[in-house]
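Order of the sequence lines sets the chain letters (A, B, ...), proteins ahead of strands, with each chain counted from 1. Computation of the quantities below employed the complete heavy-atom set of this structure, encompassing side-chain atoms and omitting hydrogens, waters and symmetry-equivalent molecules.
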Number of protein chains: 2
Amino acid sequence: MDGTARDGGRMKRSRPATRERLLDAASEVFGERGFAAATVEEVCERAGFTRGAFYSNFATKEELLLALLDREEAQVLERLSAAVDTATRDSSLVSVVTGRLFDLQPFGSGNYGLRAELSLLAVRNPELAAPYLAARRAFRARFQPFLERALASAGLRLTVSADDALVTIEALFDVSARDALIAGADPNAGDNLARRMLPALLAGMTTRHGD
Amino acid sequence: MDGTARDGGRMKRSRPATRERLLDAASEVFGERGFAAATVEEVCERAGFTRGAFYSNFATKEELLLALLDREEAQVLERLSAAVDTATRDSSLVSVVTGRLFDLQPFGSGNYGLRAELSLLAVRNPELAAPYLAARRAFRARFQPFLERALASAGLRLTVSADDALVTIEALFDVSARDALIAGADPNAGDNLARRMLPALLAGMTTRHGD
DNA sequence: CGTATTCAATACAGCAACGTATCTAACGCC
DNA sequence: GGCGTTAGATACGTTGCTGTATTGAATACG
């Protein structure tokens with residue numbers, strides 16, 4: 001599936017590969033339990049290693065967090081770049097924006113836990129603020145063309161800054177996911193809050209093109 | 001200031017009073033550090049007690065959390081009830097809604113850390129889901145008249161459900177506070193995201209009354 | 001084919017925080 | 001004003017997790 005392949009079920013021993021697996025596990029565990037409650041033991045278990053492997057690759061749990069943030073940003077931008085060409089135009093404005101945001105969601109698709117965790121960590125931990133803001137800004141900057149093209153092809157134009165628009169749309173999707181998760185519902189359900197409110201939100205921040 | 005007064009700097013010994021002070025401290029510490037990273041030691045220090053006092057009032061840290069959630073809900077509803085009559089009508093729709101939400105914000109005014117923490121705990125901890133949802137629903141149910149009266153007096157009517165509207169507005173205020181905090185700015189600044197976007201948001205989900 | 005090096009496992013020491021059990025002092029009551 | 005009760009402080013045991021130091025295996029290289 002990926003470059004660092006397994007050979008017969010046992011991953012070939014390679015530093016980058018174990019780092020990746022540890023980071024994968026960390027993104028899961030941090031999302032599920034939160035950074036503070038997460039133990040490096042659990043991260044290692046989930047990755048199929050012992051703590052020895054971990055401390056051979058990372059100095060502390062904090063360092064793992066930093067590395068995770070870096071990688072998440074890289075992954076998101078990568079995913080966005082790869083998706084630029086797939087310009088669907090057969091569907092409605094709302095479903096285009098919705099689909100794009102769900103697919104390309106920063107910090108992993110549908111992974112609300114990790115997203116929320118990272119944002120709270122950024123609020124509480126000043127040293128995370130800069131990388132966090134940079135990552136999110138980069139995402140919005142790259143997503144912006146999507147939104148504007150989708151709007152343009154519907155004959156609409158933003159009446160607020162594109163950045164404000166994107167932040168607000170993201171917030172809507174986040175709260176939609178959050179409330180669904182808390183209520184035990186499917187965050188991607190067709191009748192979720194995001195889908196109900198997005199038309200109104202888009203309507204409020206756009207006008208017809210010749211205005 | 002309050003009923004359980006100090007007598008010359010030393011609080012009179014009373015179980016309810018210490019509970020209150022512990023809960024106050026907990027709301028601070030949980031908001032600042034997060035529930036998992038918070039130690040009961042720090043909560044007690046902040047409240048001016050030792051852990052002995054704590055374990056005399058609460059069995060575990062989790063129980064403290066439950067009690068906190070209960071109290072926050074009660075406080076919010078109380079604050080809402082007390083504010084029902086102060087119906088300002090000299091200011092714009094936006095500033096009315098804005099002011100009300102800032103003043104009556106559930107879970108303490110401006111205390112983003114605690115609000116976010118509690119929501120994440122509710123996502124991760126199924127046993128918190130029900131009380132959390134109940135508290136939020138109660139808040140929205142009581143806040144709804146505010147919004148609808150404010151809109152009505154501006155000649156507007158919602159085109160989406162009042163609940164959806166309130167959830168979305170709250171989400172906007174939350175993300176506004178969050179981003180300000182991360183950026184090291186004042187969440188209540190006059191040019192924050194919430195104030196910039198609220199007009200568009202309200203416009204998108206209302207129509208003039210005779211429509 | 002053997003040696004050196006790298007990576008991960010194991011074993012260990014130390015700490016921090018929880019929760020308990022005991023003690024002391026204040027308040028209520030008669 | 002002594003006596004019982006209640007609230008909070010002190011002291012302690014226990015656990016779980018972190019981070020380090022050491023050992024063992026696998027790979028690369030000569």
Side-chain angles (χ1 to χ4, degrees), chain A residues 3-26 28-68 117 121 124-125, chain B residues 2-26 28-68 117 121 124-125 127:
Chain A
T4 62
R6 297 161 177 270
D7 60 349
R10 179 179 271 101
M11 182 84 75
K12 195 176 138 202
R13 202 201 246 197
S14 107
R15 211 167 177 69
T18 54
R19 266 185 74 99
E20 284 303 301
R21 279 168 63 191
L22 285 169
L23 287 169
D24 288 344
E28 289 181 25
V29 177
F30 288 176
E32 285 170 23
R33 301 238 185 289
F35 175 73
T39 70
V40 337
E41 177 89 36
E42 189 175 358
V43 171
C44 295
E45 263 173 30
R46 183 104 39 136
F49 292 107
T50 64
R51 297 214 328 287
F54 175 81
Y55 284 106
S56 166
N57 281 278
F58 302 93
T60 79
K61 199 166 71 156
E62 278 75 24
E63 197 186 294
L64 174 66
L65 179 66
L66 266 296
L68 181 61
E117 179 70 23
L121 288 169
R124 288 175 180 150
N125 209 325
Chain B
D2 60 64
T4 61
R6 298 161 176 273
D7 61 350
R10 178 178 272 101
M11 181 83 75
K12 194 175 142 204
R13 204 198 247 203
S14 109
R15 210 167 176 71
T18 53
R19 267 185 72 100
E20 284 302 300
R21 279 169 63 192
L22 285 169
L23 287 168
D24 288 345
E28 289 180 25
V29 177
F30 288 177
E32 287 170 20
R33 302 236 187 289
F35 175 73
T39 70
V40 335
E41 176 89 38
E42 188 175 359
V43 171
C44 295
E45 266 174 27
R46 184 105 36 136
F49 293 107
T50 64
R51 298 214 324 288
F54 174 81
Y55 284 105
S56 166
N57 281 277
F58 302 93
T60 78
K61 200 165 70 156
E62 278 74 26
E63 196 186 293
L64 174 66
L65 179 67
L66 267 296
L68 182 60
E117 180 70 22
L121 288 169
R124 290 177 179 148
N125 210 325
E127 83 221 35

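- Summarising the geometry, the separation between CZ on A:Arg19 and P on C:dA8 is reported as 11 Å, rounded to the nearest angstrom.
- Scanning all heavy atoms of the two residues, the minimum distance from B:Leu22 to B:Ala53 falls at CD1-O, 4.4 Å.
- Taking 4.0 angstrom as the limit, A:Thr18 places a side-chain polar atom (N or O) nearer than this to OP1 or OP2 of C:dA8.
- Contacts of A:Phe49 with the nucleic acid, taken as non-hydrogen atoms under 4.0 Å apart, involve only primed sugar atoms and P, OP1 or OP2.
- Proximity of B:Glu41 to B:Phe54: side-chain heavy atoms (C-beta onward) are nowhere separated by under 4.5 Å.
- Here D:dA7 presents its C1' atom at 15 Å from CZ of B:Phe54, a figure rounded to the nearest Å.
- Scanning all heavy atoms of the two residues, the minimum distance from A:Cys44 to A:Thr50 falls at SG-O, 3.6 Å.
- Nucleotide C:dA16 holds its C1' atom 13 Å from the CD atom of B:Glu42, rounded to whole Å.
- Listed nucleotides: D:dC12, C:dA17, C:dA8. Nearest to the side chain of B:Arg51: D:dC12.
- Taking the side chain of A:Ser56 as heavy atoms from C-beta on, and the options C:dC18, C:dC7, D:dT20, the nearest nucleotide is C:dC7.
- Comparing C:dC18, D:dA9, C:dA8 by their nearest atom to the side chain of B:Thr39 picks out C:dC18.
- Closest approach of A:Val43 to A:Leu64, counting heavy atoms only: CG1-CD2, 4.4 Å.
- At whole-Å resolution of the value, CZ in A:Phe58 and P in D:dT18 are 15 Å apart.
- Within the nucleic acid shown, A:Thr50 comes within 4.0 Å of at least one base atom, counting heavy atoms only.
- B:Arg15 has its CZ atom 12 Å from the C1' atom of D:dT5, to the nearest Å.
- Atom P of nucleotide C:dC7 and atom CZ of A:Arg21 are separated by 15 Å, given to the nearest angstrom.
- Side chains of A:Val40 and A:Phe58 form no contact here, defined as non-hydrogen atoms less than 4.5 Å apart.
- Rounded to a whole Å, the NZ atom of A:Lys61 is 8 Å from the P atom of D:dG19.
- Of the side-chain N and O atoms in B:Asn57, none sit less than 4.0 angstrom from OP1 or OP2 of D:dA7.
- Between the P atom of C:dA13 and the OH atom of A:Tyr55 lies a distance of 17 Å, rounded to the nearest Å.
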